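Worksheet: one structure, shown below.
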Amino acid sequence: MGIKTVYEDCDILVVGGGMGGTGAAYEARYWGRNMKIIVAEKANIDRSGAVAQGLYAINCYMGTQWGENNPEDHVRYARNDLMGLVREDLAFDMARHVDSCVHKFEEWGLPFMKSAETGQYLREGKWQIMIHGESYKPIVADAARKSADKIYNRIMVTHLLMDESRDNRVGGAVGFNCRTGDYHVFRAKAVIVAAGGASHIFKPRSVGEGMGRTWYAPWSSGSAYALSIQAGAKMTQMENRIVLARFKDGYGPVGAYFLHLKTYTQNAYGNEYETTWYEDTKAMVGEYIDHQPTPTCLRNHAFIQEMKAGRGPIYMVTKEAFQDPHLEEVGWENFLGMTVSQAVVWASQDIDPKYTNPELTTSEPYVMGSHATCSGAWCSGPEDLSPEEYFWGYNRMMTVDGLFGAGDAVGGTAHAFSSGSFTEGRLAAKAAVKYIKDLKEEKINVTDKQVNDFKEEIYQPLDNYTIGRNEIVGGTVSPSYLLPIQGLQRLEKVMDEYVGGISVNYMTNDKMLERGIELLDIMEEDFEHIGAEDLHQLMRAWELKHRLLTSQSVAQHTMFREETRWPGYYYRGDHMKLDDENWHCLTLSRRDPETREWTMEKAPVYHIVD
Ligand SMILES: Cc1cc2nc3c(=O)[nH]c(=O)nc-3n(C[C@H](O)[C@H](O)[C@H](O)COP(=O)(O)OP(=O)(O)OC[C@H]3O[C@@H](n4cnc5c(N)ncnc54)[C@H](O)[C@@H]3O)c2cc1C
């Protein structure tokens, strides 16, 4: 196949045009008036990323101007929910800027619900404000489109390029167009990775006919992590996966139900069950169980224990709230604006929440840095806030020079959500512009050899298929290649069974992890033989490889942290207690790009807010 190569030389390359990426493109233009700013996006920025379908609430808004919350309050909240461990400098930095981003969304036309009494944004909870958010994504995409020199849609970025004139400096990225097959080479002085979190690394509850129904976006393939890991960037808290209690089978969100509709949960026999597990949880985590609000993982823990005790299903009691026509409307609209599939599932299962209390379930684990957990790259904080170990020159720069992150890509900043991810994009872009200005005339050197080597590697799965296909007369099982879907199911099975997924009730230990890591290594060899039938499958092949690298990182981190810090997210059976004496710290990893060996270390947690 003759493959056309398209070159683009630019100052800033934004990889992924979701919430972080659109924020980055917008802010890069503000500070870098004459700079060339390019966005490369796997889908189409109008409807891409976790916000593609729209949202019903902006989950991170301080409301400082109304005297509601201060950034310090948000740091305390996130720290508490994450059992003490966040990057407080990054969290504070995001929180002090997030309100201004939300105000921009309103200026750009996003409709906000307002309180009839005060005229201010209608609160769903302490941090959440309610929006008519179907068009949230097209609105922020518009801001990015007006700011960037060019948006390349349908480009799956597979690797970062490295500058060959200086060690440990990024030089751009490469990928391919999922529709035309063209090979795209972006040579850039700075790269902002904002390619989202990871779903489908653990086996989902919905398999077979329901496959693709996941909580986090099914197209979030861990690229933000894999691209950074491949380049040698340090990662943090990758063990801190998230498990969500959600409406069964459709993963419909419960936030508005708890906070606005004031619905509550009970076991199969109509009893409240969280207090049943109070002593059990206290024995594992000590005083953390008494914190208010109760950390999410600990509420999950009670849910999981109650199910194990044979008193499931767990129900959300909706029958009372839905008698109020206003609340009934809000309950349905909440799904129609954000998770239509939950309404469809209920319709298909004859569930009308006015008359039937729907079931909840705990999800398979996901990996992300912007929602309620904080996996991601180890980034520098801002110079006015960060202690020495957290600061190396440019805000949100990873441990690779010129490589920045935003949103799910950045570790340590839990509870940023959509608005906080956009804010992080802006912060990263401002710093990236400064980085480029400081480079002055210094050039980035990317040789043809590097570009051509990647080209060969990227398209290999097409060759594997074309050559191997002749060996079989029908079906999908080949002696010489593996299809992306087959690889994905193998990966999900290993992660599920060995690294703490649903089928083992989120339990693992050193021996399980050891074996899991071995199996993932074997898989890495096997994935050299992935076969892609067409360009869409080529994208699937690279998504799979990114998911594998993300999974390896999760497994390594889970092995390193010898305690159960977040019961309800996962359990280390060989260390069933939280251990603040030895593990009140952040975990860091680095995979050597040459040897592929992982090294692990601890980093201190600095509490900069009292
Ligand atoms: C079900 C669900 C409910 C949520 N509810 C809320 C809510 O109510 N309120 C709220 O504020 N937040 C909510 N969030 C969180 C919010 O959506 C995320 O925090 C935010 O989207 C993260 O921003 P991001 O830029 O890191 O990732 P995303 O917005 O997901 O963007 C990542 C982008 O990268 C692209 N990409 C991925 N891989 C590649 C690649 N290899 N090459 C090129 N491009 C690539 C993707 O297509 C995508 O456009 C929710 C998320 C989910 C999934």
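In each ligand, atom 1 is the first atom listed, and ligand 1 is the first ligand listed. The structure presented is a predicted model; accordingly, all values stated were derived computationally and were not measured.
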Requested in this report: Begin from the C-alpha positions of E106 and K114 and carry the test salt bridge (Lys or Arg N to Asp or Glu O under 4.0 Å) through to its verdict.
Outcome: CA-CA 12 Å; E106 189 176 24; K114 299 274 171 75; 2.8 Å; yes

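Aromatic ring pairs are classed by plane angle as parallel below 30°, tilted from 30° to 60° and perpendicular above 60°; the pair H546 and W542 is perpendicular.
Between Y56 and ligand 1, no N or O atom pair is found at a separation short of 3.5 Å. Checked by distance only, ligand 1 and G21 stay at 3.5 Å or farther apart across all their nitrogen or oxygen atoms. Looking at ligand 1, you'll find an N or O of A50 within less than 3.5 Å of one of its N or O atoms. Residue contacts with ligand 1: W219 is placed with no nitrogen or oxygen under 3.5 Å of a nitrogen or oxygen of the ligand (distance criterion only). No N or O atom of W215 sits closer than 3.5 Å to an N or O atom of ligand 1. Where the criterion is an N or O separation shorter than 3.5 Å, residue side chain and backbone included, S220 fails it with respect to ligand 1. Looking at ligand 1, you'll find an N or O of V157 within less than 3.5 Å of one of its N or O atoms. The shortest N or O to N or O distance between S48 and ligand 1 is under 3.5 Å. For the pair Y216 and ligand 1, the shortest N or O to N or O distance does not fall below 3.5 Å. Taking distance alone, with nitrogen or oxygen atoms compared against 3.5 Å, H371 stays at or beyond that limit from ligand 1.
Between E8 and R187 no salt bridge is recorded (no basic side-chain N to carboxylate O distance below 4.0 Å). Using a cut-off of 4.0 Å between Lys/Arg side-chain N and Asp/Glu carboxylate O, K203 and E492 are scored as not salt-bridged. Salt bridge present: D11 and K189 bring a charged side-chain N and a carboxylate O closer than 4.0 Å. One finds a salt bridge joining D149 and R29 here, because a Lys/Arg side-chain nitrogen approaches an Asp/Glu carboxylate oxygen to under 4.0 Å.
Scanning all protein heavy atoms for the shortest distance to atom 9 (N) of ligand 1 gives A57 O, 2.7 Å. Of all protein heavy atoms, the one lying nearest to atom 17 (O) of ligand 1 is V51 CG2, 3.2 Å. Of the protein's non-hydrogen atoms, the one nearest atom 37 (C) of ligand 1 is A195 O, 3.1 Å. Atom 46 (C) of ligand 1 has as its closest protein heavy atom E41 OE2, 3.5 Å. Regarding atom 24 (P) of ligand 1, its nearest protein heavy-atom neighbour is G20 N, 4.0 Å. Atom 5 (N) of ligand 1 has L55 CD2, 3.5 Å as its closest protein atom, hydrogens excluded (heavy atom only). Distance from atom 18 (C) of ligand 1 to its nearest protein heavy atom, with residue and atom name: S370 OG, 3.5 Å. Scanning the protein heavy atoms around atom 12 (N) of ligand 1, the nearest turns out to be S418 N, 3.3 Å.
For residues 41-55, the pairs satisfying salt bridge (Lys or Arg N to Asp or Glu O under 4.0 Å) are K42-E543, D46-R145, R47-E134, with sequence neighbours left out.
Between E424 atom CD and I192 atom CD1 the span is 11.5 Å, to the nearest 0.5 Å. Interatomic distance, S421 OG to H371 NE2, rounded to the nearest 0.5 Å: 9.5 Å. The line from CE of M316 to OG1 of T318 is 8.5 Å long, rounded to the nearest 0.5 Å.
Of the listed options P218, S223, A256, S223 places a heavy atom closest to atom 41 (N) of ligand 1. With distances taken over non-hydrogen atoms, the option nearest atom 7 (C) of ligand 1 out of N334, V39, N59, T158 is N59. Here atom 45 (C) of ligand 1 lies nearest to K42 when heavy atoms of K42, H415, M19 are compared.
Residue contacts with ligand 1 include A40, since one of its heavy atoms falls under 4.0 Å from the ligand. Contact annotation: P253 has no heavy atom less than 4.0 Å from any atom of ligand 1.
S375 and N240 form no side-chain donor-acceptor contact under 3.5 Å, judged by distance and modelled atom types alone.
Interface atoms of ligand 1 facing G49, defined by a heavy-atom separation under 4.0 Å, are 28 (P), 30 (O), 31 (O), 48 (C), 49 (O). Of all atoms in ligand 1, numbered sequentially from 1 with element shown, those under 4.0 Å from a heavy atom of I155 are 42 (N), 43 (C). Atoms of ligand 1 lying under 4.0 Å from at least one heavy atom of G407, given by number and element, are 26 (O). Close approach to S421 involves these atoms of ligand 1, each under 4.0 Å from a residue heavy atom: 19 (O), 20 (C), 22 (C), 23 (O). Per-residue contacts place I58 under 4.0 angstrom from the following atoms of ligand 1 (heavy atoms of the residue considered): 11 (O).
Heavy atoms of D408 found under 4.0 angstrom from ligand 1 belong to the backbone as well as the side chain. Neither the backbone nor the side chain of I45 comes within contact range of ligand 1; no heavy atom lies under 4.0 Å.
Looking at every heavy atom in both residues, L82 comes nearest to C374 through CD1-SG, 4.1 Å.
For the pair R213 and F247, the cation does not sit on the ring face, since its NZ or CZ is not both under 6.0 Å from the ring centre and inside 45° of the axis. Both tests pass for K150 against the ring of Y152: distance under 6.0 Å to the centre and angle within 45° of the axis.
The residue from H415, H103, H74 that alone fulfils the ring pair (Phe, Tyr, Trp, His ring centres under 6.0 Å) condition with Y61 is H103.
F335 has its ring centre no less than 6.0 Å from the ring centre of Y56. You'll find the ring centres of Y183 and F454 outside the 6.0 Å limit.
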